[in-house]
Structures are given as structure tokens and as C-alpha cells.
Number of protein chains: 2
Amino acid sequence: MRLLLLSNSTAPGHRYLEHATEEIAALLDGARSLLFVPYALADHAGYTAQVATALAPLGVTVTGAHTASEPAAAVREAEAVFVGGGNSFRLLKALHEHGLVPAIRERVAAGDLPYLGSSAGTNMACPTLRTTNDMPIVQPPAFAALDLVPFQINPHYLDAKPDTAHMGESRAERLEQFLEENDVPVVGLREGTWLRREGERLTLGGIAAGGLLFRRGLAPEELTSGADLSDLLRGDYRFDVG
Amino acid sequence: MRLLLLSNSTAPGHRYLEHATEEIAALLDGARSLLFVPYALADHAGYTAQVATALAPLGVTVTGAHTASEPAAAVREAEAVFVGGGNSFRLLKALHEHGLVPAIRERVAAGDLPYLGSSAGTNMACPTLRTTNDMPIVQPPAFAALDLVPFQINPHYLDAKPDTAHMGESRAERLEQFLEENDVPVVGLREGTWLRREGERLTLGGIAAGGLLFRRGLAPEELTSGADLSDLLRGDYRFDVG
């Protein structure tokens, strides 16, 4: 299985996807075409054009899944797949409606299709939607996602409270609430970082700030860029054990 | 129908619920007992004790719904109900599981039971969960909520992006995504504000900053404290029209 799961698609001072160009090139490994899944945003054509422009320097031709008469068939023929960010509830609803959850999972899990995700596309690689930051603007038929890793990821991980006068929960408090209900580790990926899976090896990459590992009953653990997180692929985790 | 829907339960420099004491007293209107619905947090007993302490100066005795053998029966006997904040997905799941959605809705809609909500409890008064800020830590059987007002509310409304280096969406951007999929107005309630419904009259209260009204195809409209929003109760709104 080959995955590249980006916290975010755009880093400050960089063009779209530019901060991760080398990693993306390594994932694609010479593939000349890529299927883009644009459903997290409303403007599928505009979003696909943006991705095509960003990946053109890598010599990759980009096709939007929305242009296929049967998107699941397009997945079966793809050389690589990229699930882009936006609203993860809207994205997961569309994946379910188009039969893309089994179609993508089957080929990626078989090691037959490299998977690139950013933000909401990174959420999709987890067992469920439960650690997204997004607003539930539509109701997906289920929270079950692609299950390409057995733990949860929180992209765009943010340390501080948004504003000192703001009385809502911090990100860490939200993830502690997740752990009250689920005995499943969560990797909080700070902006500019990513997870790379190659078979049974999982590593954290990107900027030095790295991420944080949240586990039930333990204090959050700092993860530095380059950390080997392969142990997380071998755990036995349980949802809904609040 | 008598509702008091608070953006937040605690204001900076004030004790829990203190900033809204006069409004709460007006809503309760001499009621001597209140049923508290604590399911948004994990510690039901501790949360209920906190509410009992906060409301003691008003001469109100507080009972937690979790102590009732049948919470829906407790609703049928209550003088007033308060649905507290926390995680709105956990809260809505519990409301559905305990049969509290029809039980609360029936008596409140009949004008028979005053309803106090804060944060997640304010989200519950809307037709759906779709404009919550919370993380979907558990999966409720449906997003349908109490439907005590026909529009949506976004509590803890925040103007700024959390952090200039943060690449996630701003609150306004999230609500615009909601409007892409739903033709339903959203009142963003800034911290320290609330909505008060008395029959067919709806007003915005609390600190001067007030709130913002988001409607499909229109620029967000500033709402000042004291504004009469009764027109929002009479609209014909449609979900899932993306």
C-alpha cells in the first residue's frame, strides 16, 4: 500500500501543493496520469483545473472523476488517485453515492494504486470521518471512510485556541472528547507535514514541527518529522467504547 | 413557544451562565425546578452539579436527565428544560437514543415547556446539526434535531481566521459551504449573545457585537443586539439543494 497524506494542500508563501512536490513525485513514481476526486468543493471543474496546473511540471495528466460516466470504473483504470480537500462531509457523501469507497479501497489496499490525499482527502484515508475539523453541511449515509490506515488523523492540527476571548474548545480538547468515546489513536498533523505509508512502514514527513500523537489515557506525545510510526499500523483499536 | 438560545455558557470574567442571568430568570418565569440534559459532556453528574450551583441563586432545583429511569418521561413532567453545551454529535446521538427528540419537541413547540440551550444545546434547537462547530466524535443516527426554529444557528461565531498561518477555512467560509448545499439562513451568534423566542417573536440579545446573518446569494448582514428577527420564523427553507 502506498499513501501520501498531506495535512494541507497549500503552505504559506508556496503555490498549491508546491511544498510537497518531491514527495508527490516519489509517490507517483513515473505515473503519467492521475484521477482527481474533486467532490469536497462545489466547483469540480475549476478544482480539477487547479490540480492539473499544479501537477503539470511533474508530467502528469489529470482527469476529474466528475467527468467519468461511472467514477468507480475510472478508479479501476487509474494509475494514481488524488482526493482533494474541502468539506469532508460533502466529500464522503459523494464517495458513498458514487460507489467510490469500495472502488478506491480495494485497489489502494492491494498496493495497486498510489493514493494522495490532502486535508479532507487525508481524513478519508482513516477508518472514519470522526476526527475531521469540518462543518457537517450535509449528512453522509455513514461516517465509515476508506480505512487505509487503522488509526485516525487530524489534519491542520492547531496548538493554540483560536482566540483568547473564544470560549469554544481547543483542538486538543476536541480530540480528548474523541478519545472519551473511542479507543483509537489520533495523529494530529501540523500544517506543512504529512504521513507517508509504504507497505507496513509509516513515517512522518514535512516541516520540523511535526505532529502530536493522542492516545486514550496518555498525555499527547510530540512527534518530530522523520519519526517512524509503523507501530500505529499494527494496533487493535476500538470505536464507540465511551 | 419560549426559547433562550445562548451562543456560549461562560463569558470571559464571569461565572458559568452568569452573563445571562437576567434572561434565564425571565425565561424560567418562576419555575422552581428544571430538567438538565447533560449528554454533551462525558461526566453527567459533574456537569449537572455545575448547573445546579449556577442556578441555585434563582431558586431553581436542577435534576439531571441521566438520573431518570426514563428520560423522556422526565421531560413530560418537567417545568423547564436546559440542554447544555459540549459535543453536539454526542449530544444528538443521546437525544435520539433516549427518545428525547420527540419528547422535548412536542412540549416546547406546544408552548408548554420553556427551553434553555447553550452552545451545542442551541444547535439542537435548529432543524439539523449541520451548522455545529464540533468534531463528529460519534455518529448520531440522523442529523435531524429539535426543529424549534426553522433556520440554522452557528454558536461561538468567530470573525477572524484562528491564526494567520492556519490554512483551514474561516468560519464564514464554512458557512458559505453550508449555503452551497442548503438554502437555509444561518444566524452566527458571537460570544456573549443569544436569541430569544417568545411565540412568533424572535430577538437577538446580549453584547452589542451581536451576530451575522448568512443567506444564500447575499453578503453576510450584521445584526445588532436588540434586532427583531421574527421574519426568520416565517421563511420557507430547503436543505440539500446543492
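The structure displayed is predicted, hence computed values, not measured ones. Atoms considered below: every heavy atom in the structure, side chains included; atoms not considered: hydrogens, waters and symmetry mates. Letters A, B, ... are given to chains in the order of the sequence lines, protein chains preceding strands, and every chain is numbered from 1.
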**Asked** Looking only at heavy atoms, which of residues 177-185 of chain A get nearer than 4.5 Å to chain B?
**Response** A/Gln177, A/Phe178, A/Glu180, A/Glu181, A/Asn182

**Message:** Strictly less than 4.5 Å between heavy atoms, which residues of residues 37-56 of chain A line up against chain B? Please order them by number.
**Reply:**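 Listed by number, the contacting residues are A/Leu41, A/Ala42.
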
Can you tell which part of [X] gets under 4.5 Å to a heavy atom of chain A, answering side chain, backbone, both or neither?
{"X": "B/Asn87", "result": "both"}
{"X": "B/Arg90", "result": "side chain"}
{"X": "B/Asp134", "result": "both"}
{"X": "B/Ser119", "result": "neither"}

**Asked** Angle class for the A/Phe89/B/Phe143 ring planes (parallel below 30°, perpendicular above 60°, tilted otherwise)?
**Response**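 Plane angle over 60°, so perpendicular.
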
**Message:** Are the side chains of B/Thr132 and A/Met135 in contact, using a 4.5 Å heavy-atom criterion?
**Reply:** no

**Asked** Of the listed residues (A/Thr128, A/Leu129, A/Thr131), which shares the most heavy-atom pairs with chain B below a 4.5 Å separation?
**Response**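 With the most close heavy-atom pairs to chain B, the winner is A/Thr131.
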
**Request:** Tell me, out of A/Ser9, A/Pro155, A/Ala142, A/Gly192, who's got the most heavy-atom pairs with chain B below 4.5 Å.
**Result:**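 Result: the option with the highest number of such pairs is A/Ala142.
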
**Prompt:** Should the heavy atoms of other residues, nucleotides or ligands under 6.0 Å from CD of A/Glu222 be counted, would the total exceed 12?
**Reply:**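 Yes.
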
**Item:** Trace of the side chain to side chain contact (heavy atoms under 4.5 Å, CB included) decision for B/Arg130 with A/Val138
**Value:** CA-CA 7 Å; B/Arg130 296 184 186 206; A/Val138 294; 4.2 Å; yes

